[in-house]
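Below: one structure in structure tokens.
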Amino acid sequence: MPNPFHLAVQVRDIAEARRFYGELLGCPEGRSSERWVDFNLYGHQFVCHLNPELDEEETGVHRNPVDGHGVPVPHFGVVLSMSDWEGLADRLTQAGVRFEIEPYIRFRGEPGEQATMFFFDPSGNALEFKAFRDIEGQLFAT
């Protein structure tokens, strides 16, 4: 496994973050306090820090045109195996998550062909989860 990354984001409500990242996305919880909580995001340290000043509107999001879609920037996520990506897409769909960009295959037939989906967490953080049939051979293909 590559070196795990550490990422910290702001959330408006810790209980809401626990439901979204812990229950819906299935991320095991690590250390926590009243103002932050660590999650294991597919082997990476992901921390939600409380900022009760956040409102329900997404903030500071720019959209970059890619493949006919407005990709929200900034965003983060994880590159999964295709079967894990398909399972996550199904779970999110069944839970009624509103996708910013519905799950689909982009760059079809080109180097770097990938499955992708974009959605926001309840605090307005944009997430992208993607998958390749051959991660090692396709992740950085040009």
Side-chain angles (χ1 to χ4, degrees), residues 1-32 35-142:
M1 173 182 175
N3 292 333
F5 68 78
H6 165 84
L7 176 66
V9 300
Q10 2 177 28
V11 297
R12 65 180 185 207
D13 182 286
I14 293 294
E16 185 177 64
R18 280 187 164 115
R19 284 189 301 276
F20 185 82
Y21 290 101
E23 295 173 21
L24 180 61
L25 294 186
C27 299
E29 187 174 320
R31 294 176 298 275
S32 67
R35 300 197 54 84
W36 57 268
V37 59
D38 282 351
F39 292 101
N40 176 343
L41 181 67
Y42 294 92
H44 302 282
Q45 186 184 39
F46 176 69
V47 186
C48 294
H49 287 273
L50 179 63
N51 178 353
E53 303 298 316
L54 288 177
D55 59 24
E56 294 191 26
E57 299 297 316
E58 57 193 64
T59 58
V61 175
H62 165 76
R63 284 179 173 69
N64 192 33
V66 176
D67 201 26
H69 298 280
V71 171
V73 178
H75 64 263
F76 67 93
V78 177
V79 178
L80 302 174
S81 69
M82 192 60 74
S83 62
D84 286 345
W85 183 89
E86 291 166 342
L88 179 59
D90 289 344
R91 190 165 66 246
L92 295 172
T93 300
Q94 290 175 10
V97 168
R98 186 184 73 79
F99 290 99
E100 179 71 11
I101 300 174
E102 296 277 337
Y104 81 108
I105 304 296
R106 82 196 297 187
F107 309 127
R108 192 177 292 278
E110 300 176 29
E113 178 179 298
Q114 60 194 263
T116 187
M117 62 181 141
F118 287 83
F119 52 94
F120 288 89
D121 77 4
S123 294
N125 296 298
L127 291 92
E128 175 188 21
F129 282 82
K130 59 173 67 178
F132 298 87
R133 297 247 177 249
D134 172 18
I135 292 174
E136 289 185 28
Q138 294 178 303
L139 184 60
F140 296 107
T142 57

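In this chain, residues are counted from 1 in sequence order. Because the structure is predicted, anything quoted here is derived from the model rather than measured.
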Kindly give the heavy-atom pair with the smallest separation between A115 and M82, and that separation in Å.
CB-SD, 3.8 Å

Heavy-atom side-chain proximity of P4 to Q45 below 4.5 angstrom
no

Non-hydrogen atoms of L54 and V11 that approach each other most closely
CD1-C, 3.7 Å

Separation of Y42 OH from F5 CZ (nearest 0.5 Å)
11.5 Å

What I'd like to find out is whether the side chain of F20 reaches to under 4.5 Å of the side chain of C48, using heavy atoms alone.
no

Side chains of Q138 and R133: closer than 4.5 Å at any heavy-atom pair?
yes

L80 side, atom CG; K130 side, atom NZ - distance, nearest 0.5 Å
11.0 Å

At what distance, to the nearest 0.5 angstrom, does CD of Q114 lie from CG of L139?
8.5 Å

Rounded distance [0.5 Å steps], CD1 in I101 versus CZ in R63:
8.5 Å

Under a 3.5 Å threshold, yes or no: a donor from one side chain and an acceptor from the other, between Y104 and D67?
yes

Keeping to residues at least two apart or across chains, list the ring-ring contact (aromatic ring centres under 6.0 Å, His included) pairs with something in residues 71-98.
F46-F76, H75-F118

For residues 88-95, tabulate all N or O donor-acceptor pairs below 3.5 Å that involve a side-chain atom, not counting sequence neighbours.
| from | atom 1 | to | atom 2 | distance (Å) |
| --- | --- | --- | --- | --- |
| R91 | NE | L24 | O | 2.8 |
| R91 | NH2 | L25 | O | 3.2 |
| T93 | OG1 | A89 | O | 2.8 |

Could you check whether any side-chain heavy atom of R18 comes within less than 4.5 Å of a side-chain heavy atom of S32, counting everything from C-beta outward?
yes

Is any side-chain heavy atom of F39 less than 4.5 Å from a side-chain heavy atom of H44?
no

Do E128 and T116 have side-chain atoms, one donor and one acceptor, less than 3.5 Å apart?
yes

Distance, nearest 0.5 Å, that separates CZ of R106 from CE of M117:
13.0 Å

Return the orientation label for the F119 and F129 ring planes: parallel under 30°, perpendicular over 60°, tilted otherwise.
parallel

Which value, rounded to the nearest 0.5 Å, describes the distance between N125 atom CG and L7 atom CG?
8.5 Å

Residue pair C27 / N40: nearest heavy atoms and the distance that separates them
CB-O, 3.4 Å

Does a side-chain heavy-atom distance below 4.5 Å link Y21 with V37?
no

Working for side chain to side chain contact (heavy atoms under 4.5 Å, CB included), residues Q10 and S123:
CA-CA 8 Å; Q10 2 177 28; S123 294; over 6 Å; no

